[in-house]
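Have a look at the structure below before the remarks.
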Amino acid sequence: MNYPNLPEDCTSLLCKYLTKEVFEELKDKKTTNGFTLEQAINSGLVNLDSGIGVYAGDEESYSLFAPLFDAIIEDYHGFGREDKHQSNLNPDDLNAPNPDPNGEFIVSTRIRVGRNVAHFPLGPAISKEQRDLVESSIVEALKSLSGELEGRYYPLLGMSKEVQEELIKDHFLFKEGDRFLDAAGLNRDWSEGRGIYHNKEKTFLVWVNEEDQLRIISMQKGGDITEVFNRLVTAVKAIETKVAFSYSEHLGYISSCPTNLGTAMRASVHIALPNLAKDMEAFKAITDKYYLQIRGIHGEHSQSEGGVYDISNRRRLGITEVQAVQDMYDGVVALIKAEKELTK
Ligand code: ADP
Ligand code: ARG
């Protein structure tokens, strides 16, 4: 492969940090799983409108291709090469009483973490056989869950289109055919090895073999963030007794996209802010101050509908899980205050 043509107007972190020198240094390297620089950067080259543009094929990608990944990680998370990540999943340390007890603004709350199974390649480099093995070991582990977490696994293969679409529309299931994942090699052999586990109430869900091997999700209507966090922590700890997750002292939980490293946590609310939405500058000033990200209500790369937004923490690495949720909580309190003032 030759140094790619990176257009002047490309704003992704890949375009920013893949200098000719970095490219020359890394272009012939291969991880133990056979993952190359060419594969790591393909998504960003095919999708020049990417925000980031790179994916890791395994934990080793982060060290072998460090001249590229470290720069991207530092830019996105403000996390340095010598820094150490710290985890804190202790619900007692969270201070997040319901910011909207009358249910005027918050439609629903969702907290997810990404996890990958130790000693396996990540999705971009995994073989079909390995992926199937990951699926069966996760499904086996989920069978041991009890009480509120008890549920069933529904493989994508054989699921009717109607059921699949309904689950997507209701915000429970991942979408299909994402072009960023596609170019990263994450959609190979679709839909084999993929599926969703959930309890009866759909307040606890696990996505299997999408962007990460597990996406563990706790969600419910309304703004009781503490309850959602507690359920998530109980589930993560229970699953961890059965499946070893890929974790490094430096980078925390290992994920296929560098934005998810560390806590791999995205804590979000769907929140109605129709007045604030009329002044995007004021809206963004608040979300920037609290390190928040604004998404549309059908997830990443979707649009808002009826003034309802998906507001979540943007930082994931170098802060604890408790801090990630606290970022979201503090920001949501400020957003509700601003919306109320505009409504007067
Ligand atoms: P991820 O959260 O895994 O990074 P997405 O942004 O694509 O991925 O969101 C996945 C799904 O979760 C989407 O259907 C999205 O609308 C839904 N979702 C996210 N936050 C909430 C929330 N607070 N309430 C209800 N659904 C949500
Ligand atoms: N690869 C896409 C981009 O660079 C998504 C990055 C973050 N989102 C994610 N789901 N990992 O824009």
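We count ligands from 1, going down the list as the structure has it; atoms in each ligand are counted the same way. Starting from 1, each residue takes its place in the sequence as its number.
- The nearest protein atom to atom 24 (N) of ligand 1, hydrogens excluded, is given as S108 OG, 2.6 Å; this is a heavy-atom distance.
- Residue contacts with ligand 1, taken as heavy atom pairs separated by less than 4.0 Å, do not involve K175 at all.
- Proximity of the aromatic rings of Y153 and H198 is defined here by a centroid distance below 6.0 angstrom, and this criterion is not met.
- At the top of the distance list for atom 7 (C) of ligand 2, counting protein heavy atoms only, stands E300 OE2, 3.3 Å.
- At a heavy-atom cutoff of 4.0 Å, ligand 1 is contacted by the side chain of W207 but not by its backbone.
- For G53, the heavy-atom gap to ligand 2 drops under 4.0 angstrom.
- For F180 and Y55, the gap between ring centers reaches or exceeds 6.0 Å.
- The 12-atom threshold is not exceeded at NZ of K337, counting heavy atoms of other residues, nucleotides or ligands nearer than 6.0 Å.
- Looking at N275 and E339, their side chains do bring a donor and an acceptor atom within 3.5 Å of each other.
- The closest side-chain donor-acceptor pair between Q130 and S127 falls under 3.5 angstrom.
- Donor-acceptor pairing under 3.5 Å is recorded for the side chains of D58 and T31.
- From the protein, the heavy atom lying nearest to atom 18 (N) of ligand 1 is R110 CD, 3.4 Å.
- Residues passing the salt bridge (Lys or Arg N to Asp or Glu O under 4.0 Å) test with K284, sequence neighbours excluded: none.
- From the protein, the heavy atom lying nearest to atom 4 (O) of ligand 2 is I52 N, 2.7 Å.
- Residues that satisfy the salt bridge (Lys or Arg N to Asp or Glu O under 4.0 Å) test with K289, not counting sequence neighbours, are absent from this structure.
- Scanning the protein for heavy atoms near atom 7 (O) of ligand 1, the closest one is E300 N, 3.5 Å.
- Remark: the backbone N or O of G318 is paired with a side-chain donor or acceptor of H85 at under 3.5 angstrom.
- In this structure, the protein non-hydrogen atom closest to atom 3 (O) of ligand 1 is R215 NH1, 2.8 Å.
- Within the 4.0 Å heavy-atom criterion, both parts of S50, backbone and side chain, lie near ligand 2.
- The aromatic rings of F245 and Y253 sit perpendicular, their planes meeting at an angle over 60°, well past the 30° parallel limit.
- Atoms of ligand 1 found under 4.0 Å from any heavy atom of M219 (numbered from 1 in listed order, with element): 25 (C), 26 (N).
- The H298 neighbourhood of ligand 1 comprises atoms 16 (O), with distances under 4.0 Å to a heavy atom of that residue.
- Counting heavy atoms closer than 4.0 Å to ligand 1, residue V269 contributes backbone atoms (N, CA, C, O) but none from C-beta onward.
- For atom 20 (N) of ligand 1, the closest non-hydrogen atom of the protein is S268 OG, 2.7 Å.
- Remark: the R131 side chain and the N209 side chain contain no N/O donor-acceptor pair separated by less than 3.5 Å.
- Of the protein's heavy atoms, R112 NE, 3.5 Å lies nearest to atom 1 (P) of ligand 1.
- A centroid separation of less than 6.0 Å is found between the aromatic rings of H250 and F79.
- Shortest contact from atom 11 (N) of ligand 2 to any protein heavy atom: E211 OE2, 2.7 Å.
- Among Q293, Q220, H270, the residue whose heavy atom lies nearest to atom 26 (N) of ligand 1 is H270.
- Residue G51 places at least one N or O, backbone or side chain, under 3.5 Å from an N or O of ligand 2.
- Listed by number with element, the atoms of ligand 2 under 4.0 Å from a non-hydrogen atom of Y55 are 1 (N), 2 (C), 5 (C).
- Among protein heavy atoms, atom 8 (O) of ligand 1 sits closest to R295 NH1, 3.9 Å.
- For V107, no heavy-atom contact with ligand 1 is shorter than 4.0 Å.
- Within the 4.0 Å heavy-atom criterion, the part of R266 lying near ligand 1 is the side chain and not the backbone.
- Looking at E211 against ligand 1, nothing comes within 4.0 Å, counting heavy atoms.
- Ring orientation note: the planes of H171 and H298 are close to parallel, at an angle under 30° on the 30°/60° scale.
- Of the polar atoms of I297, at least one N or O is found under 3.5 Å from an N or O of ligand 1, judged by distance alone.
- For F174 and W190, the ring centers are positioned less than 6.0 Å apart.
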